[in-house]
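In the text below, chain A, chain B and the rest are named by the order of the sequence lines, each starting its count at 1. Values in this document were obtained by computation on a predicted structure and should not be read as measured data.
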Protein chains: 2
Amino acid sequence: MANEKKIDCVILGLLSHEELTGYEIKKRMDTTLKYFWSASYGSIYPALSDLVNRGLATKREDKENKRNKLIYTITDGGRNYLKKWLTLPVEKDELRYETLLKLFFGNEQDIEQVLSHIKLFEEKIKKELPYLLGAEKVLKDCLDDDIAHKYYLLTVTFGLKTYRTYLEWCEEAKKFLMENGE
Amino acid sequence: MANEKKIDCVILGLLSHEELTGYEIKKRMDTTLKYFWSASYGSIYPALSDLVNRGLATKREDKENKRNKLIYTITDGGRNYLKKWLTLPVEKDELRYETLLKLFFGNEQDIEQVLSHIKLFEEKIKKELPYLLGAEKVLKDCLDDDIAHKYYLLTVTFGLKTYRTYLEWCEEAKKFLMENGE
DNA sequence: TGACTTATATATCAGACTGATATATAATGA
DNA sequence: TCATTATATATCAGTCTGATATATAAGTCA
């Protein structure tokens, strides 16, 4: 207990919404969960096999499809496992921003280089905003279609608010560095 | 090239400021860098030995001290390695918030449980704010004492701005859930 | 002074996870 | 028809964490 592997919990969480293949799970990670969680194929596929071995999910082949798709479904045991994990307090919220790390070691670089790291960060954030805004609109419009939508919307508003704050900070940081450059 | 281990780069960055022991490096991680980076002893000590083997740092024993302290110093080669890494574009800025993950799977929990995850997140953030405010004040007061201070200050203002935004979001999220609870 | 706790200090390791790579088929498009 | 992209699963070397072990110094309280 309390030693739940995160990858197991995320997968079970996604499977609690709908049955999925490993490939589809990876797609959810790269789109919907992207702003607060990530996982690689190298953890997803072994975890799926393991969940089946432990009776937390079942596997079946898709015969309609021409490809050898493997569809995974959560079991009652899997749902109980997920629910138990959800009752436990959060262990870790972690931010790991290489941009801030490079900024922190700014005195080993010239101002132009430091500014370019900030500008690239800014561009990356700006590129993500339209997607988040789109998701916010869609979710607000069909909030009652699915009970999961309101939780999804809250993670989107978290992303939107923080991204806007990042952009404000970028402006301030650039201004500060240009006024205080050596 | 471009395969620089992050742990090597952070350590060299810290050693570029001053010579340090492994224990002191860990302390910097847990205080100064905490808001945007982290590392464990299990990566720090092996990395230090490795840096010495590759000629990027040197090791010496502290004879003044009664403990068997091992003090590490960056070499010219180490500084070059660090500078090269700093010129490379940022590979990854990652946020990994278990709180948002548990929130996303909110439909498998009752409203009270979801609210309690948000409240614990809120408390954790509020507890960190005084430290960040203190650091901001100190750094603004002695900005010119060290060229590294302005970069340090920028990471602190990043933390302050985002943390304040988190708190705003917490208020909104709690309100939203209480109005839209099942 | 002795007993206890906390801080300093280094080191190792099982296990989790990433990023890269391999392999193969279906769909798209020019 | 040929090339490219998307779908789909799988594996693995190497990175890093979290836990644990060990030992000493410094502080604390009676």
Worksheet item: Given atom CG of A:Asp50 and atom P of C:dA16, what is their separation to the nearest angstrom?
Response: 9 Å

Worksheet item: Which is true for A:Gly22 with a 4.0 Å heavy-atom rule: it touches a base, it touches only sugar-phosphate, or it touches nothing?
Response: sugar-phosphate

Practice prompt. Quickly work out the B:Lys69 NZ to C:dA7 P distance and round it to whole Å.
Written response: 17 Å

Worksheet item: Between B:Arg96 and C:dT18, is there a side-chain N or O to OP1/OP2 distance below 4.0 Å?
Response: yes

Worksheet entry | Length of the NZ-C1' vector between B:Lys5 and D:dG14, whole Å | 9 Å

Worksheet item: Can you find a side chain N or O atom of B:Ser40 that sits less than 4.0 Å from OP1 or OP2 on D:dT17?
Response: yes

Response to the item:
Against the side chain of A:Tyr23, the closest entry in D:dT7, D:dT17, C:dC17 is D:dT7

Item to complete: Test the A:Lys102-B:Trp85 pair against the cation-pi criterion, namely NZ or CZ under 6.0 angstrom from the six-membered ring centroid and within 45° of the ring axis.
Response: yes

Fill in: B:Ser38 side chain to A:Glu94 side chain, donor-acceptor N/O pair below 3.5 angstrom
yes

Response to the item:
Rounded to whole Å, NZ of B:Lys26 lies from C1' of D:dT20 at a distance of 14 Å

Worksheet item: Is it true that the side chains of B:Tyr97 and B:Tyr166 contain a donor and an acceptor less than 3.5 Å apart?
Response: yes

Worksheet item: Rounding to a whole Å, what distance do you find between B:Glu94:CD and D:dT15:P?
Response: 17 Å

Item to complete: On DNA chain C, check which nucleotide each of A:Ile7 and B:Pro46 is closest to and give me the residue with the more 5' one.
Response: B:Pro46

Discussion item. It should be established whether B:Thr21 places a side-chain nitrogen or oxygen under 4.0 Å from OP1 or OP2 of nucleotide C:dT10.
Written reply: yes

Practice prompt. Round to a whole Å and report the spacing from OH of A:Tyr45 to P of C:dA22.
Written response: 18 Å

Worksheet item: Does B:Lys140 come within less than 4.0 Å of B:Glu136, counting only side-chain N to carboxylate O?
Response: yes

Worksheet item: Cationic tip of A:Lys124 within the cone over A:Phe121's six-membered ring, i.e. under 6.0 Å and within 45° of the normal?
Response: no

Discussion item. Using a heavy-atom cut-off of 4.0 Å across all strands, would you classify A:Lys92 as base, sugar-phosphate, or nothing?
Written reply: sugar-phosphate

Practice prompt. Ignoring the backbone of A:Lys6, work out which of C:dC17, C:dA11, D:dT17 is nearest its side chain.
Written response: C:dC17

Worksheet entry | Separation of C:dA11 P from B:Glu61 CD (nearest whole Å) | 10 Å

Item to complete: Grab the NZ-P distance between B:Lys27 and C:dT8 for me, whole Å please.
Response: 4 Å

Practice prompt. Tell me which nucleotide among D:dA10, D:dC16, C:dA11 gets nearest to the side chain of B:Ser43.
Written response: D:dC16

